[in-house]
Amino acid sequence: VHAATRILAESTLLSETIPKILQAICDNLDWEFGEFWIMESNANVLRLVEIWHKPSVNVPEFDAMNRQIDISSGIGLLGRIFANKKPIWIADVVCDTSFHRAQIAVQEDLHGALGFPIIVENEILGVFVFLRHKTQPTDDNQLMILDSVGGHIGQFIKRKQAETALHQAHNELDYQSKERTDTLAQVNEVLKNKIIEHNIIVDEVLQENQGQFTQLAEKVRLIPWEADVRTWKFTYIGPQAVEILGYPLKDWYTVNFRIEHIHPEDREQTVKYCETCNEHSENYETEYRMLSADGQIVWIHDMVNVIQD
């Protein structure tokens, strides 16, 4: 019991624990061959997963047979333990008709047998079976010891199964999270491309509309313009300005050109009104006189839309 408990305490993987348990029981309780059959819950059968034997034991046919069969409830030593969930001791398998592997066991000179279940909360998780060359009457004390060991092993297996299930669930969650992230990234890329396409279309429409507006504006008797309200310097002036006021377009782009050509009697009042509206970002309309290139007075009606940067 102490050897098995120490192995369980020091082990982390079920695959490395079972061989050590098999060896510890064989060495301490004088068994020569041990095997562990695990319960395959989906198929409801016992299936061999591990064998250990002393170096002096050579049982190739018995070993090969075990690896080829699954054990159902009620069949042979394993099946009886499976069905009754209790340990069984066989003094000599040759004399026990329920031991279905007896013929090969005799060929390999195996006689004594012992099996006990691994049970947790009335659920059978597996079965340990041990054999030896010599026959031996039932040892109730050894059965009691191994029954206790089986309880400890059962708790260990159940805990490892829970850890494995938790690890698998965590991996599945990580996979789903990565898959969802990848999907979102793909959707985001599609949306980004759609937005880019939309913006290109919008820009094309705006440019087309701007061109149409410019052509329309240049055909009527008005002067479209754009200027920096802080400096009064034009950034755009329509070609109609040449026709209406007579000054070359390049002159309009000089600083204070507009102010200097407002009629002197209207200049101060007009500039003050425009500056006030500009400071408050208010759209406005105003009328004033300008002097044309040939000295004529031209009435101007300004309609101004103030746009903040």
Side-chain angles (χ1 to χ4, degrees), residues 3-25 34-52 63-75 78-79 81-83 85 115-129 149-210 308-309:
T5 302
R6 186 182 67 256
I7 292 170
L8 295 175
E10 295 173 351
S11 300
T12 56
L13 298 176
L14 182 62
S15 59
E16 66 183 23
T17 302
I18 297 302
K20 294 178 181 179
I21 294 290
L22 289 170
Q23 181 179 358
I25 292 176
E35 52 190 24
F36 177 67
W37 299 69
I38 198 165
M39 169 60 70
E40 296 286 352
S41 57
N42 294 334
N44 200 35
V45 296
L46 290 169
R47 186 163 296 153
L48 181 68
V49 294
E50 194 65 56
I51 286 178
W52 185 91
D63 188 354
M65 176 187 176
N66 289 338
R67 296 186 184 279
Q68 296 173 6
I69 61 175
D70 294 333
I71 304 298
S72 301
S73 177
I75 299 177
L78 284 159
I81 297 172
F82 179 3
K85 299 179 180 178
F116 63 94
I118 305 303
I119 300 174
V120 175
E121 298 177 353
N122 205 39
E123 176 188 359
I124 187 165
L125 304 180
V127 174
F128 278 94
V129 171
V149 170
H152 290 294
I153 297 174
Q155 293 295 335
F156 176 83
I157 293 176
K158 198 70 174 177
R159 185 171 67 253
K160 292 304 173 184
Q161 288 177 341
E163 290 175 357
T164 300
L166 182 62
H167 182 68
Q168 291 174 344
H170 185 268
N171 288 342
E172 178 65 20
L173 185 62
D174 284 346
Y175 173 78
Q176 292 177 357
S177 177
K178 183 180 183 301
E179 191 175 48
R180 189 176 296 111
T181 300
D182 292 343
T183 300
L184 288 174
Q186 293 173 2
V187 171
N188 184 63
E189 185 66 22
V190 171
L191 288 175
K192 184 177 72 174
N193 292 334
K194 290 292 184 182
I195 291 172
I196 292 174
E197 292 175 6
H198 174 75
N199 289 341
I200 292 174
I201 294 173
V202 170
D203 287 343
E204 291 175 350
V205 171
L206 287 176
Q207 290 175 7
E208 181 180 353
N209 290 342
Q210 181 65 34
Q308 291 182 328
D309 291 338

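Side chains are part of it too, since the values below use all heavy atoms of this structure and drop only hydrogens, waters and symmetry mates. Just so we're clear, the structure is a prediction, and the values are computed from it rather than from any experiment.
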Are the charged groups of Glu123 and Lys158 less than 4.0 angstrom apart, N to O? yes
Below 4.5 Å, heavy atoms only, C-beta onward: do Phe82 and Asn44 meet side chain to side chain? yes
Nearest 0.5 Å please: distance from the CD1 atom of Ile124 over to the CH2 atom of Trp37. 13.0 Å
Rounded to the nearest 0.5 Å, what separation is found between the CG atom of Asn171 and the CD atom of Gln168? 8.0 Å
I need the Leu184 CG to Asn188 CG distance, nearest 0.5 Å. 8.5 Å
Charged N-O contact under 4.0 Å between Asp182 and Lys178: yes
If we ignore hydrogens and angles and just use 3.5 Å, is the side chain of Lys85 paired with the main-chain N or O of Asn122 as donor and acceptor? yes
Qualifying residues under ring pair (Phe, Tyr, Trp, His ring centres under 6.0 Å), relative to Phe116, sequence neighbours excluded: Phe128
Look at the side chain of Thr181 and the backbone N and O of Ser177, then say whether any donor-acceptor pair between them is shorter than 3.5 Å. yes
Hey, are the side chains of Ile118 and Met39 touching, using non-hydrogen atoms and a 4.5 Å cut-off? no
Is the side chain of Asn193 donor-acceptor paired with the backbone N or O of Glu189 at a distance under 3.5 Å, no angle test? yes
Kindly determine whether Gln155 and Val120 satisfy side chain to side chain contact (heavy atoms under 4.5 Å, CB included), including the steps that lead there. CA-CA 7 Å; Gln155 293 295 335; Val120 175; 4.1 Å; yes
Could you grab the distance from atom CD1 of Ile38 to atom CG of Leu46, nearest 0.5 Å is fine? 9.5 Å
Over all heavy atoms of both residues, which pair between Gly34 and Leu22 is shortest? Give the atoms and the distance, please. C-CD2, 3.7 Å
Scan side-chain atoms only and decide if Trp52 and Glu50 contain a donor-acceptor pair under the 3.5 Å cut-off. no
How far does CZ of Phe36 sit from OG1 of Thr17, to the nearest 0.5 angstrom? 10.5 Å
Donor + acceptor pair across side chains of Gln176, Glu172 (<3.5 Å): yes
Spatial distance of atom OG (Ser73) from atom CD1 (Ile81) [nearest 0.5 Å]: 11.5 Å
